[in-house]
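My questions all concern the structure below.
In what follows, every heavy atom counts, from backbone to side chain, and hydrogens, waters and symmetry copies are set aside. Whatever order the structure lists them in is the order used to number ligands and atoms, beginning at 1.
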Amino acid sequence: MALRVQKYGGTSVADIDRINNVAGRVIKAHESGDQIVVVLSAMAGVTDGLISLANQASPRPDKRELDVLLATGEQTTAALLAMILKFRGYKAKSFLGFQAGILTDQTSGKARILDIECKKIQDAIQKGNIIVVAGFQGADANGDITTLGRGGSDTSAVAIASALKADVCEIFTDVDGVYTTDPRICEKARKIKRISYEEMLEMAILGAKVLQIRSVEFAKKYNVPVHVRSSFNEEEGTMVVNESSDMESVVVSGVTCDMNEARITLKKVPDQPGISAKIFTPLANAEIMVDMIIQNTRSGGETDLTFTVTKDDFERAKEISERVAKEVGADEVLTKKEIAKVSVIGLGMKSHSGVAATMFQALASENINIRLISTSEIRISCVILAKYAELAVRTLHAAFNLDKERQ
Ligand code: ADP
Ligand code: ASP
Ligand code: MG
C-alpha cells in the first residue's frame with residue numbers, strides 16, 4: 001500500500017463538474033488500496049477575485065485580514081470535495097491549513113512553512129479517511145492565518161508529502177507535465193519525462209509557473225519524488241527527481257520566459273567606491289529583491305547602473321532610486337516596464353561551451369536586441385523588449401533542437 005499526496009490546481013477544480021472529476025480520480029486511487037491525501041487550490045480565478053474585492057475594500061488591504069480572506073478560496077474547494085466524497089459513500093475529512101498542523105513564519109502573503117505537526121492527519125488516515133487539505137495556507141505561532149504566496153498549494157502538497165514520508169507527490173494540473181517550454185507559447189514544446197530538481201528549480205525561478213519555486217526547493221531538500229501530470233487524462237507526466245549522470249548529456253533542456261520584471265537605470269552615476277552600496281542598501285532595507293545588475297562605464301568618471309526588480313516592487317523601487325539618484329548626483333532615472341527575460345536552462349551547460357554564443361546568434365537572427373545578460377552554472381538569461389518575448393522563446397526552442405524528440 002502506498003501513501004500518495006495528490007494536488008489539484010485551480011483549473012482542475014474550476015467548477016462542481018471538475019471537482020466531481022477530481023473525486024472520481026481520488027476514489028479510483030483509494031480503491032486501488034493506496035492511502036490518499038488530497039491538497040486543493042481555489043477554483044480558477046477565485047484568488048484573483050478575492051484580491052480585487054480586498055482592493056475595493058481598502059486601497060492598502062491590511063495584510064493579516066487579506067490572508068484571512070484569501071484562505072477562503074481553498075477552504076471552499078476542500079469542503080466541496082469532502083462533501084462529494086462522503087455523498088459517494090466514502091469516508092473523507094477536510095482540513096484547513098492550521099488544522100492540518102501547518103506552522104509558518106509570520107510573513108503575511110508569502111509565509112514559509114516551518115514545520116508540519118501531522119498527527120491529526122495521520123490519525124484520520126489510519127481510520128480509513130480520504131484526507132482533503134486546503135492548500136496555500138497555514139498559521140503562524142500566534143495562530144494567525146497565513147498564505148504561502150501565489151501558486152502556494154504546490155508547496156503545501158510537497159511539504160505535506162515530506163512530513164508524511166509519502167511515496168509520491170502528484171501535482172495534477174492542466175498540462176500533461178513539464179514541457180521544454182510553455183506549451184501555450186510554443187506549439188512544438190515537448191513533454192520532458194524526467195527532470196532534475198536543479199533544472200526544475202531554475203525553470204520555476206525563471207518563469208515556468210507550472211510549479212511554485214518553493215515547492216521545488218522543498219522537494220529537492222527533502223528528496224520528495226514529484227510527478228507533474230494532467231488531471232484530465234491518465235498519461236504519465238514528468239518525474240522531478242535527483243540528477244543522474246545521463247541528464248548531463250542534454251545541454252539545454254528548457255526555455256523560459258518571465259514577463260514579471262521591470263528595468264531601472266540610473267544615468268551618469270559618479271564612478272566612486274561606495275556608490276553601489278548607497279543605491280542598493282535602501283532597496284534591500286525596503287525588502288526589494290534586485291535581480292540582474294549591469295554597470296556600463298562611460299568616459300569622464302561616470303557610469304550607468306541598470307538593474308531589474310519584479311513589477312510588484314517597481315513603483316517603490318523607482319521612488320527609492322529617484323531619491324538616491326539625487327543624493328549621489330546621478331543625472332536621471334530611466335525605467336522600462338515592457339521587458340521580458342528569456343532564459344535557457346540545462347545541466348549539460350556545466351560541461352559544454354558555446355551555449356551563450358548559440359543563444360546570442362539565434363536572437364540576432366531575428367533582429368532581437370539584448371539589453372541585459374546574466375548567467376549561472378546551468379542557465380543563461382537575456383532581457384529583451386516584451387513584444388519579442390514569444391518570438392524569442394520559439395527561436396531559442398528551435399536553435400537548441402528542442403523541437404525534436406529527445407534521443
Ligand atoms: P495550476 O492551476 O494547476 O496550479 P498553473 O497555471 O499554476 O496550474 O501551471 C500550469 C501552467 O504552467 C500551464 O498551463 C502552462 O501554461 C504553464 N507553464 C509554463 N511553463 C511551462 C512548462 N515549461 N511546462 C509546463 N507548463 C508550463
Ligand atoms: N489559489 C492560490 C493562487 O491562485 C494558490 C494556488 O492556486 O496554488 O495563487
Ligand atoms: Mg499553480
Distance-only criterion, 3.5 Å: show the donor-acceptor pairs between side-chain atoms of residues 89-101 and protein atoms not counting sequence neighbours.
| from | atom 1 | to | atom 2 | distance (Å) |
| --- | --- | --- | --- | --- |
| Y90 | OH | E31 | OE2 | 3.4 |
| K91 | NZ | K127 | O | 2.7 |
| Q99 | OE1 | L96 | N | 2.7 |

Contact check: M203 vs ligand 1, nitrogen or oxygen atoms, below 3.5 angstrom: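 N/O-N/O distance below 3.5 Å does not exist for this pair.
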Taking atom 14 (O) of ligand 1 as the reference point, the nearest protein heavy atom with its distance: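 For atom 14 (O) of ligand 1, the nearest protein heavy atom is R184 NH2, 2.6 Å.
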What atoms of ligand 1 come closer than 4.0 angstrom to any heavy atom of G177?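 Those of ligand 1 that fall under 4.0 Å from G177 are 24 (N), 25 (C).
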Between E261 and T308, is there a side-chain donor-acceptor contact under 3.5 Å, judged purely by atom types and distance?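 A pair is found: one side chain offers a donor N or O, the other an acceptor, under 3.5 Å apart.
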Of all the non-hydrogen atoms in the protein, which one sits nearest to atom 2 (O) of ligand 1, and at what distance?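 The answer is G10 N, 3.2 Å.
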Quick check: do L70 and I145 have side-chain heavy atoms less than 4.5 Å from each other?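 No, every pair of side-chain atoms sits at 4.5 Å or beyond.
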Would you mind listing which atoms of ligand 1 come within a distance below 4.0 Å of any non-hydrogen atom of D174?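 The atoms of ligand 1 under 4.0 Å from a heavy atom of D174 are 10 (C), 11 (C), 13 (C), 14 (O).
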Taking 4.0 Å as the limit for heavy-atom contacts, which would you say applies to V175 with ligand 1: side chain only, backbone only, both, or neither?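 The answer is the side chain.
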Please state which protein non-hydrogen atom is closest to atom 27 (C) of ligand 1 and give its distance, to 0.1 Å?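 Protein heavy atom at minimum distance: V210 CB, 3.8 Å.
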Close side-chain approach of N242 and N223, heavy atoms under 4.5 Å: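 In short, these two side chains touch, coming nearer than 4.5 Å.
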Got a sec: does the NZ of K311 have more than 12 other heavy atoms crowding it under 6.0 Å?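 Enclosed.
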Does an N or O from Y179, backbone or side chain, lie closer than 3.5 Å to an N or O of ligand 1?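 Right, the criterion is met.
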Before accepting this row, confirm whether a basic side-chain N of the pair D140/R112 lies closer than 4.0 Å to the acidic partner's carboxylate O.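 A salt bridge is absent here (no side-chain N lies under 4.0 Å from a carboxylate O).
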Note: R214-D154 ion pair, threshold 4.0 Å (strictly below):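 No, this pair does not count.
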Do V269 and E302 come close enough that some side-chain heavy atom pair is under 4.5 Å?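 They are not in side-chain contact.
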Give the atom numbers and elements of ligand 1 that come within less than 4.0 Å of a heavy atom of T173.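 In order of numbering, the contacting atoms are 1 (P), 3 (O), 8 (O), 10 (C).
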Could you label the plane-to-plane angle of the F280 and F307 rings as parallel, tilted or perpendicular, counting under 30° as parallel and over 60° as perpendicular?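 The rings of F280 and F307 stand perpendicular, inter-plane angle above 60°.
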Contact partition for K209 relative to ligand 1, non-hydrogen atoms under 4.0 Å: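 Both parts.
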Quick one: do D123 and K119 make a salt bridge, cutoff under 4.0 Å?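 Looking at K119 together with D123, the answer is yes, because their closest N to O distance falls below 4.0 Å.
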Are any non-hydrogen side-chain atoms of V133 and I131 less than 4.5 angstrom apart?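 In contact.
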Under a 4.0 angstrom heavy-atom cut-off, which atoms of ligand 1 come close to V178?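 In order of numbering, the contacting atoms are 24 (N).
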Does the residue A44 have a heavy-atom contact with ligand 1, meaning some pair of atoms that are separated by less than 4.0 Å?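 Checking ligand 1 against A44, which is what was asked, there is no heavy-atom contact under 4.0 Å.
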Within a 6.0 Å radius of atom CD on E287, are there more than 12 heavy atoms belonging to other residues, nucleotides or ligands?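 Atom CD in E287 is not packed in, count stays at 12 or less.
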Any side-chain heavy-atom pair of V178 and K191 under 4.5 Å: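 Side chain of V178 against side chain of K191, heavy atoms only: no contact under 4.5 Å found.
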Please state whether Q212 comes within less than 4.0 angstrom of ligand 1, counting heavy atoms only.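 Heavy atoms of Q212 never come under 4.0 Å of ligand 1.
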Are L164 and Q122 close enough that some pair of their side-chain heavy atoms sits under 4.5 Å apart?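 In contact.
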Any nitrogen or oxygen of K7 lying under 3.5 Å from a nitrogen or oxygen in ligand 1? Just yes or no.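 So ligand 1 has an N or O lying under 3.5 Å from an N or O of K7.
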How far is atom 15 (C) of ligand 1 from the closest protein heavy atom, and which atom is that?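 For atom 15 (C) of ligand 1, the nearest protein heavy atom comes out as D182 OD1, 3.4 Å.
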Please classify the T256 to ligand 1 contact at 4.0 Å (heavy-atom distances, strictly less than): side chain, backbone, both or neither.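 For T256, there is no contact with ligand 1 at all, from either part.
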Protein residues near ligand 2, heavy-atom distance below 4.0 Å?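 Within 4.0 Å of ligand 2, the protein residues are S41, A42, T47, E74, F136, R150, G151, G152, S153.
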